[in-house]
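Just below is one structure, and these are the notes that go with it.
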Amino acid sequence: MPSSTHTLPVSGMTCASCAGRVERALLKVPGVASASVNLATEQVHIESSESPLIKLIQAVEKAGYAVPLQTLELAVEGMTCASCVGRVERALLKVPGVHSATVNLASERARIEALATLEVATLLQAVEAAGYKAHASDRQQAARDNNDQRLHRERRTVIIALLLAAPLVLPMFGDLFGQHWMLPAWVQFLLATPVQFILGARFYVAGWKAVRALTGNMDLLVAIGTSAGYGLSLYQWWVAPAGEMPHLYFEASAVVIALVLLGKYLESRAKRQTSAAIRALEALRPERAIRIVEGREEEVAIAALHLDDLVMVKPGERFPVDGEVVEGESQADEALISGESLPVNKAPGDRVTGGAINGEGRLLVRTIALGGETVLARIIRLVEDAQAAKAPIQKLVDKVSQVFVPAVLVIALATLIGWLLTGATAEVALINAVAVLVIACPCALGLATPAAIMAGTGVAARYGILIKDAEALEIAHAVTAVAFDKTGTLTSGTPRIVHLHAVDGDEAALLRQAGALQRGSEHPLARAVLDRCAEKGLEMPDVEKSQSLTGRGIAGTLKGRSLALGNQRLLTENGLQPGELTSQAEAWEAQGRTLSWLIETSEQPRILGLFAFGDSLKPGAAEAIAALDARHIRSHLITGDNRGSARVVAEALKIDSVHAEVLPADKAATVTQLRKDGAVVAMVGDGINDAPALAAADVGIAMGGGTDVAMHAAGITLMRGDPRLVPAALEISRYTYRKIQQNLFWAFIYNLVGIPLAAFGFLSPVVAGAAMALSSVSVVSNALLLKRWKPDHDEEHRP
């Protein structure tokens, strides 16, 4: 068995014992003959009999160390069908040090995960050896300009091909009306030859590269088919008696090439639309900003800014950076970033997002994030990752594409031989074989999945739904149960006063006294009291001798009266009993409310009133649960809060099942149990303690405004903390998956029906060429219907 050499960079080794542990771990991998660690270079040299790189990496990680990997992206030119995608992927995977490679036909990009030591030049050489052009992906304006120029060249080529082919095909229409406009053979030859060998040269070049690589693609089929028709025409012209008009097929070859070029141009235009979401997001980035230095204004490039720089944003301008407002008041239009349709008020202390549009006020903003760390950059990165990824259903297409072109060549040869055996002329047999080659285009197969994914993830991003990977998009359509965390997900996470009771009946006086004690405190319950006072417009008197009572509450002197606000311990310490408030307090506690007592601590302590605090439901939470119920998706509440509090929220929202007092470590176990019970589970959360449950679910959905840990663990991130985006995310997943299924169905049916029709002589090469071009365009156009989707459940806008 042949042996291979791997050199792995390994991080985390500090001594000889570390090196020994790595060596022993690698030697346990089947096929590894030797492993030698160099601590100085932090590399390990391995001799193995074709042991996969992934197994070597897993062995190092199991030993407690890491193999640094990098993610690279290449732009690949020249791919035309699913077979091309497979060849590029196989070429990249053969490069030593490549861990995984995914190629997207719709975006014409290759994403490679490889060892950190691998050079980009090595990958470029591998792609070029496979017969394609590649360069390091450039997401900036230069790359977009290059694509625009290429689209312009394709349009010009198509126009010339159609103009040359039109005179050849016009006599066919004349025959329908009894007119014989057959052009002389030499005129047909002069018109068809430039189409065949100049405008159609791309098919010969790409087809020859495929042959050298011992594989096939759409270009090879077109090259062989049209060459056969062109060659047959030359032969017929050559052997025809003088003065007799031979039956020529120059028009078939020329029209097929013209139609294929037209189809590729329309396909390129449509594919450009599928990436419109990325271009729209990139266009939000301003190129320059006005920096304030020692009171002076200076205009600088965005790249010249640093953290904590002060930037001035004028009315109507886009925010150049993520920052915090330090001066001024305005509103921000964040529609294209978060999907929030209404302007958001901004004042000192508020965060602003780069790319959003400033309203009517002038703002001074302190920079808190730059470059790739801005919200906008992360959004673009997430959308690009999702569009570059492959859905699991694509694996079927990849398997088919590997054998598709060779199978078509065999079918074409069988068609030729079959017609000859039945007594048909060589002319008829060859034309039918050409029709088989022309109609059997695997372009539609290669575009079916990525085009739908690009369109679906793009339109979802427009409304604040970031789908991180294609697998989450595919699985989400089948979700049968959604598990919600409570605090910060269905509720605001901010306490508010739910109930209050004044012993003397004067609730306003009770609020003024409590607010006076809490003035200046940052405790969440204190903020709830102060917010209620502000809502009521109450003026609070000054408090003297204010002091915090650790673990109990707060105390102070108000107009000579000693008052205290706190929990049950405060009552007990002052020898007080709830008395007539006992039943009320117990009822509120049973609902999961947090209680605070306001008491007077004079010589005769007495209770002045009782406050019950609770978390408020988020706007749209009830609508979200109702939307899930309408789709027969069960809802579950998984929370660490007490049963009373959980029951109140569940009853208010009509949630199907409640799992209360669940420890953070047990949330994942609860999700796992739901999956074992047969449900396809989506978990929705926002906190660090939700991350294990998000990872354990079939689909994790992180709420916007949550922790980075939760967002990394989730497959879908909602830019706004709006629960209504949860059913919307499942809805766009369902529509996208439906488009994938429709595209694959038509791609497969097209070939299953078209190839037999061509083989049995029911399709001419011209009709076959038109049908082939139409198949690719129809697949991409069908995917683009997703751009009409809106998350408002308006039937008029559904694709």
- Note on the structure: Value for CG (L92) from CZ (R87), rounded to nearest 0.5 Å, stands at 12.0 Å
- Message: Please find the pair of heavy atoms, one from A101 and one from L93, that lie closest to each other, and give the distance.
- Response: N-CD2, 3.7 Å
- Answer whether the closest heavy-atom distance between the side chains of V76 and R109 falls below 4.5 Å. no
- Query: Minimum heavy-atom separation for A452 to N743, with atom names?
  - Reply: CB-ND2, 4.3 Å
- Query: Is the closest side-chain heavy-atom distance between T425 and V428 below 4.5 Å?
  - Reply: yes
- Item | 4.5 Å side-chain heavy-atom contact, V29 and I46 | no
- Look at atom CZ of F197 and say whether more than 12 heavy atoms of other residues, nucleotides or ligands are closer to it than 6.0 Å. yes
- Query: Under 4.5 Å between any side-chain heavy atoms of L183 and L191, yes or no?
  - Reply: yes
- Message: Between S733 (side chain only) and L473 (backbone N and O only), is there a donor and an acceptor less than 3.5 Å apart?
- Response: yes
- Partner set under ring pair (Phe, Tyr, Trp, His ring centres under 6.0 Å) for W237, not counting sequence neighbours: F189
- Item | Heavy atoms from other residues, nucleotides or ligands near CD of E113 exceed 12 (cutoff 6.0 Å) | yes
- Under the side-chain contact (heavy atoms from CB on, under 4.5 Å) rule, collect the residues that match up with P96, sequence neighbours excluded. none
- For A455 and A783, which heavy atoms make the closest approach, and how far apart are they? CB-O, 3.4 Å
Enumerate, atom names and distances included, each donor-acceptor pair closer than 3.5 Å involving a side-chain atom of residues 224-234, sequence neighbours excluded.
{"from": "T226", "atom 1": "OG1", "to": "Q196", "atom 2": "NE2", "distance (Å)": "3.0"}
{"from": "T226", "atom 1": "OG1", "to": "V222", "atom 2": "O", "distance (Å)": "2.7"}
{"from": "S227", "atom 1": "OG", "to": "Y204", "atom 2": "OH", "distance (Å)": "2.5"}
{"from": "S227", "atom 1": "OG", "to": "A223", "atom 2": "O", "distance (Å)": "2.6"}
{"from": "Y230", "atom 1": "OH", "to": "T193", "atom 2": "OG1", "distance (Å)": "2.7"}
{"from": "S233", "atom 1": "OG", "to": "G229", "atom 2": "O", "distance (Å)": "3.0"}
{"from": "S233", "atom 1": "OG", "to": "Y249", "atom 2": "N", "distance (Å)": "2.6"}
{"from": "S233", "atom 1": "OG", "to": "F250", "atom 2": "N", "distance (Å)": "3.1"}

- Any side-chain heavy-atom pair of Q188 and L168 under 4.5 Å: yes
- Message: To check you understand the geometry: which heavy-atom pair defines the closest contact between A114 and L118, and what is its length?
- Response: CB-CD2, 3.5 Å
- Task: Please report the shortest heavy-atom distance between L763 and G754, naming the atom on each side.
- Result: CD1-O, 3.8 Å
- Query: Is V88 close to M79 at the side-chain level, that is, under 4.5 Å between some pair of heavy atoms?
  - Reply: yes
- Kindly say whether A759 contributes a backbone atom to a donor-acceptor pair with the side chain of W419 at under 3.5 angstrom? yes
- Query: Do I112 and S100 touch side chain to side chain, with heavy atoms closer than 4.5 Å?
  - Reply: no
- Can you measure from CD1 (I467) to CD1 (I453) and round to the nearest 0.5 angstrom? 9.5 Å
- Task: Mind checking ring pair (Phe, Tyr, Trp, His ring centres under 6.0 Å) for H477 and listing every partner two or more places apart, or none if nothing turns up?
- Result: Y737
- Message: Has E89 got a side-chain atom pairing as donor or acceptor with V103's backbone, closer than 3.5 angstrom?
- Response: yes
- Looking only at heavy atoms, which two atoms of G456 and L786 are closest? And how far apart? N-CD1, 3.8 Å
- Query: Among all residues two or more places apart in sequence or in another chain, which pass the side-chain contact (heavy atoms from CB on, under 4.5 Å) test with L72?
  - Reply: Q70, V120, L123
- Who are the side-chain contact (heavy atoms from CB on, under 4.5 Å) partners of E128, not counting sequence neighbours? none
- Looking at side-chain heavy atoms only, is the closest gap between L56 and V32 below 4.5 Å? yes
